[in-house]
Amino acid sequence: MPEQAADDGHVLEFRLPDLGEGLADGDLVSWSVAVGDTVELNQTIAEVETAKAVVALPSPFSGVVVELLAKPGDTVPVGAPLIRVRNDLEVTEPPTATRNDVLVGYGPEAESTSRRRKPAPSAAMAATTPSSHRAAATPAARKLAKELGIDLWFVAGSGPEGAVTVDDVRSAVPVTAPRTPARVGEAAPAPVNGHSGDTDGGLIEPTAREQRTPVSGVRKRTAAAMLASARTIPQASTFVTVDCTASMELLDHLRTTKSFEGLTLTPLALVAKATLAAIAEYPGINSAWDEPNQEIVTRHYVNLGIAVAADRGLLVPNLKEAQTLSLRELCREISDAAETARSGNATPADLRGGTFTITNVGVFGVDSGVPLVNPGEAAILCLGSIRKRPWVFRDELAVRWVTTLGLSFDHRIVDGELAARFLATTAGFLEDPLTLLSRV
């Protein structure tokens, strides 16, 4: 059970609940309460980061916080005590939790109690009033604010429901957290490389040579997954350069139509559609290696993973049953999944169960890459930048839209022929997208 009564019978102890997916621990991101605070039933008391997502922990009982048993950044095993709460009511037996109780942020939470922002204080109050409540903010914004020494209560939020975002914190740096370098006559930082910094206006700016960042949460578990991928999966890669001019022209046309009004139609959506059509022709690319049973599992459904670079690391939300989605639906689902991941609101359900992944390095101006296959999948497609380049078109040199597709694959499951045929088919759909749309 996630909680138990202490010796005095009125202090209840909340233990880290089973977070599911075989996860044995989680990293405490932040507390939403402090010692002495009064908490209500189902009020969010903390956020914990797992390999899958940041999840909110609601309190299973009400009372006054008497002790916090972990610090932000600590890795807490499942079943370890997190918080003790004194309940003034007579308690004969502590509340119990079932597998379906609201323990990791899936059900109703007392957000109106714990996370709703109060009206911003006046300038006079901001100068003199310490923060006594916790402002709503994304986990990444809280982390950055902690590093910069910024009080989030005095930062105006521009995110959903007034939540403070990373950009809000950055914009608040000059006002909320001004640096206070030493003045002439005061103790100055030790010189670095023989330089003590500029002395403009009598101020001495220290220079940092190193920064150490603890590896935790998504980054720690991503590192473990990639190490497992490199050690256990014999991987190979293949590439194809594609004239995607027709695809770019089609996208330009579709953006002017009523069907795509209000949607952000990107090349990634069309590449996803081409990938799904190619998987339908070569389902072996959508497989997994079952080591204990020495079997290859071929899926006849596609949970399409879309790699997203978020503040807290690389996340791969996947679109369930993506083979059933139209281009318009893919466009909307990809945009929603990416936004949810970047905002820190992706749930374990959003991130688990992928069968094939696409990573788009082209958005960073990179022509290609060799991504590692996600454990549990057979292949990953890499989309490079789409640029205008000299290209031989109909026996003449012309300027065309060109990109490079790369495919990394598990060579135990996928041989070179299958990989090449799959990649060539995907490229063919992008070269002639009307054949792709005829399959819808």
With rounding to the nearest 0.5 angstrom, report the CZ to CZ distance, Phe14 to Arg84.
14.0 Å

Kindly check if the number of other-residue, nucleotide or ligand heavy atoms within 6.0 Å of CZ (Arg421) is above 12?
no

Before giving the answer on side chain to side chain contact (heavy atoms under 4.5 Å, CB included), spell out for Thr359 and Val361 the whole-Å C-alpha distance, their side-chain angles and the decisive distance to 0.1 Å.
CA-CA 6 Å; Thr359 180; Val361 301; 4.2 Å; yes

On a heavy-atom basis, which atom in Ile380 and which in Pro371 lie closest, and how many Å separate them?
CG2-CG, 3.7 Å

Going by heavy atoms in the side chains, are Glu47 and Val55 under 4.5 Å from each other?
no

List the atom of Ser32, the atom of Ala46, and the distance in Å for their closest heavy-atom pair.
OG-N, 3.9 Å

Output for pair (Ile306 CD1, Leu319 CG), nearest 0.5 Å, gives 5.5 Å

Report yes or no: does Asn286 contribute a side-chain atom to a donor-acceptor pair with the main-chain N or O of Pro283 at less than 3.5 Å?
no

Nearest non-hydrogen partners of Ala225 and Pro375, listed with the distance
O-CG, 3.6 Å

Polar side-chain atom of Arg342 near backbone of Val308 as donor-acceptor pair, under 3.5 Å
no

Please confirm whether the backbone N or O of Arg352 pairs with a side-chain atom of Asn318, one donor and one acceptor, at under 3.5 Å?
yes

Verdict with supporting geometry, Val242 and Leu405, side chain to side chain contact (heavy atoms under 4.5 Å, CB included):
CA-CA 7 Å; Val242 186; Leu405 300 178; 4.1 Å; yes

Between Trp31 and Pro72 the two heavy atoms that sit nearest each other are CD1-CD, 4.1 Å

If you round to the nearest 0.5 Å, how far is CG of Asn303 from OG1 of Thr355?
5.0 Å

Donor-acceptor check, side chain of Asp350 to backbone of Thr347, threshold 3.5 angstrom: yes or no?
yes

Taking the side chain from Asp410 and the backbone from Arg412, do they hold a donor-acceptor pair closer than 3.5 Å?
yes

How long is the gap from CZ on Arg328 to OG1 on Thr257, to the nearest 0.5 Å?
9.0 Å

Tell me, do Gln235 and Ser229 make a side-chain contact under 4.5 Å, heavy atoms counted?
yes

Can any side-chain N or O of Ser247 pair as donor or acceptor with the backbone N or O of Leu430 at less than 3.5 Å?
yes

Qualifying salt bridge (charged side-chain N to carboxylate O under 4.0 Å, His left out) pairs with a residue from residues 364-383, counting only residues at least two apart or across chains:
Asp367-Arg387, Asp367-Arg389

Does the side chain of Leu16 come within less than 4.5 Å of Pro77's, by heavy atoms?
no

Looking only at heavy atoms, the pair that brings Arg299 and Gly354 closest together is NH2-O, 4.3 Å

So, do Leu381 and Thr357 sit near enough that their side-chain heavy atoms are less than 4.5 Å apart?
no

Side-chain contact test, heavy atoms from C-beta onward, threshold under 4.5 Å: evaluate it for Glu431 versus Thr245 and give yes or no.
no

Heavy-atom side-chain contact between Ser368 and Phe239 under 4.5 Å:
yes

Test item: Gln43 side-chain N/O and Glu40 main-chain N/O as donor-acceptor pair under 3.5 Å:
yes

Side chain to side chain contact (heavy atoms under 4.5 Å, CB included) evaluation trace for Leu270 with Leu436:
CA-CA 9 Å; Leu270 194 58; Leu436 172 62; 3.9 Å; yes

Let me see the working for Phe260 and Leu327 under side chain to side chain contact (heavy atoms under 4.5 Å, CB included), right down to the final yes or no.
CA-CA 10 Å; Phe260 288 88; Leu327 178 60; 4.0 Å; yes

Separation between CD1 of Ile413 and CD1 of Ile233, rounded to the nearest 0.5 Å:
8.0 Å

Hey, could you give me the OG1/CG distance between Thr426 and Leu423, rounded to the nearest 0.5 Å?
6.0 Å

Taking C-beta and beyond as the side chain, do Ser259 and Leu254 meet within less than 4.5 Å on heavy atoms?
no

Whether the side chain of Thr256 engages the backbone of His253 through a donor-acceptor N/O pair (distance < 3.5 Å, no angle test) should be reported.
yes

List the steps and the verdict of side-chain hydrogen bond (donor to acceptor under 3.5 Å, both in side chains) for Thr264 and Ser335.
CA-CA 7 Å; Thr264 304; Ser335 178; 5.2 Å; no

Closest non-hydrogen atom pair between Leu263 and Cys331, with its separation:
CB-SG, 3.9 Å

Just by modelled atom types, is the Phe429 backbone N or O under 3.5 Å from a matching donor or acceptor in the Asp432 side chain?
no

May I ask you to check whether Tyr301 and Phe356 place their ring centres under 6.0 Å from each other?
no

Hey, are the side chains of Val29 and Val48 touching, using non-hydrogen atoms and a 4.5 Å cut-off?
no

Answer yes or no: is there a donor N or O on one side and an acceptor on the other, between the side chain of Lys273 and the main chain of Leu325, under 3.5 Å?
yes

